[in-house]
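Data block below; observations after.
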Amino acid sequence: MPRAARRKSESNIYHVILRSINKQQLFEDDEDRDKLLSVLRECKELSGFELYAYCLMSNHIHFLLKTGKEELETVFRRIGARFVYWYNTKYGRIGHLFQDRYKSEAVEDDAYFLTALRYIHQNPVKAGLCVSPEEYQYSSYPHFFEDKLIDSAFVLTLMSKEEFAAFNLAANEDACMEIGENLKKRMTDEQAKQLIFAISGCRTAADFQRMPIARRDDAIRTMLERGVSIRQASRMTGVSVGIVRKFSN
């Protein structure tokens, strides 16, 4: 069945989710996150888009942006190619890192723009990674009015700096694009990551995937017995959900 055509935004503003393949762990350390932001700066200059918000999560990234001289597909092809080349070189891996088809939704009015903005900034709070958006350093919120990566001028046409803080910190039931993942886990992703690599002796997902099959299977079986969820195990190790699920009974 052919893929449905993406809806083109009349405002050229989109909320985009870029996901890792097999929902595996995307960032192993802060160097990986810093590199992604560096690539984002380079591509922003080349592609001419405006960036209003971002948030780097464990296995996906949120963006709120307005396209400029390049279409959305070209923008994310450029970002992906640069980051994946660096990432694969660092970890000695080959192949894809991101899913081929990112998710996007058109943002056509100011009200939904602000909803998407707050949704992105509160993503790590709702995932249990922090108590408040300003604590999470790998989103645009703590740096919104200081970092030139962020085009904050448009937001200031909609609200003042004081209103911005109150709005983004307010309790809400915002619902934007979902990624099909329950954010309430039996343990946090960081706890799961530490347990998985303690069991396996590996430090990265790439190392785990190079393990002999028998050792890999024993490690998966043990991590599930210790409380790591199937999807967490898949994300942290890069092993498909289907394979991990075989060891859940």
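Across all their heavy atoms, R210 and G92 have their closest contact at NH1-O, 3.2 Å. Considering every non-hydrogen atom in both F113 and V155, the closest pair reads CE2-CG2, 3.9 Å. Y52 approaches F144 most closely through the heavy-atom pair O-CE1, 3.0 Å. Nearest heavy atoms, H121 versus S140: NE2-OG, 2.7 Å. Among all heavy-atom pairs drawn from M223 and A233, the shortest one is SD-CB, 3.7 Å. Nearest heavy atom pair, residue I13 against residue L64, reads CG2-CD1, 4.1 Å.
Counting only distance, with no hydrogens or angles, the side chain of K69 and the backbone of F49 share no donor-acceptor pair below 3.5 Å. Judged purely by atom type and a 3.5 angstrom limit, T89 uses its side chain to pair as donor or acceptor with the backbone of Y85. A donor-acceptor pair under 3.5 Å is formed between the side chain of T115 and the backbone N or O of A111. With hydrogens and angles ignored, the 3.5 Å screen pairs no side-chain donor or acceptor of D147 with any backbone N or O of I150. Counting only distance, with no hydrogens or angles, the side chain of Q209 and the backbone of A206 share no donor-acceptor pair below 3.5 Å. The main-chain N or O of N168 is found under 3.5 Å from a side-chain atom of Q122 such that the two form a donor-acceptor pair. Looking at Q24, its side chain never comes within 3.5 Å of a backbone N or O of A205 through a donor-acceptor pair. Counting only distance, with no hydrogens or angles, the side chain of D151 and the backbone of L51 share a donor-acceptor pair below 3.5 Å. The backbone N or O of E135 sits nowhere less than 3.5 Å from a side-chain atom of S132 that would complete a donor-acceptor pair. Under the 3.5 Å distance criterion, the side-chain polar atoms of S47 are left unmatched by any main-chain donor or acceptor of V75.
The pair D29-K90 meets the salt-bridge criterion, since a charged nitrogen lies less than 4.0 angstrom from a carboxylate oxygen. Using a cut-off of 4.0 Å between Lys/Arg side-chain N and Asp/Glu carboxylate O, E50 and K44 are scored as not salt-bridged. Ion pairing between a basic and an acidic side chain is recognised when a charged N comes within 4.0 Å of a carboxylate O; D218 and R215 show no such pairing. A salt bridge is defined here as a Lys NZ or Arg NE, NH1 or NH2 lying under 4.0 Å from an Asp or Glu carboxylate O, and D32 with K35 fails to meet this definition.
Cation-pi contact between R221 and F247: absent, since separation from the ring centre below 6.0 Å together with deviation from the ring axis within 45° is not met. Under a cutoff of 6.0 Å and an axis angle of 45°, K161 and F145 form a cation-pi pair. Judged by a 6.0 Å distance limit and a 45° cone about the ring axis, R93 is not positioned over the six-membered ring of Y87.
Side-chain atoms of H60 and L18, non-hydrogen and from C-beta on, never get closer than 4.5 Å to each other. Looking at heavy atoms from C-beta onward, E28 lies in side-chain contact with K193 at the 4.5 angstrom threshold. The shortest side-chain heavy-atom distance between Y54 and L65 does not fall under the 4.5 Å cut-off.
Ring-plane geometry between F98 and F83 is classed as tilted, the angle between the planes lying from 30 to 60 degrees on a 0 to 90 degree scale. Relative ring orientation between Y102 and F76 is described as tilted, the plane-to-plane angle lying within the 30° to 60° band.
Interatomic distance, CD1 of I213 versus CD1 of I243, reported as 7.5 Å (0.5 Å rounding).
Within 6.0 Å of atom CD in E10, 12 or fewer heavy atoms from other residues, nucleotides or ligands are found, so the atom counts as exposed in its surroundings.
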Are E71 and K8 close enough, and set up right, to give a salt bridge (Lys or Arg N to Asp or Glu O under 4.0 Å), and what steps lead you there?
CA-CA 10 Å; E71 295 293 327; K8 184 170 175 59; 3.4 Å; yes
Could you go step by step and tell me if S234 and V239 meet the side-chain contact (heavy atoms from CB on, under 4.5 Å) rule?
CA-CA 5 Å; S234 175; V239 178; 5.7 Å; no
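By the criterion of side-chain heavy atoms lying less than 4.5 angstrom apart, applied directly or through intervening Ile, Leu, Val, Met, Phe, Trp or Tyr residues, L97 is grouped together with Y138 in one hydrophobic cluster. Under the 4.5 Å side-chain heavy-atom criterion for grouping Ile, Leu, Val, Met, Phe, Trp and Tyr, V84 is not connected to L46 through any hydrophobic cluster.
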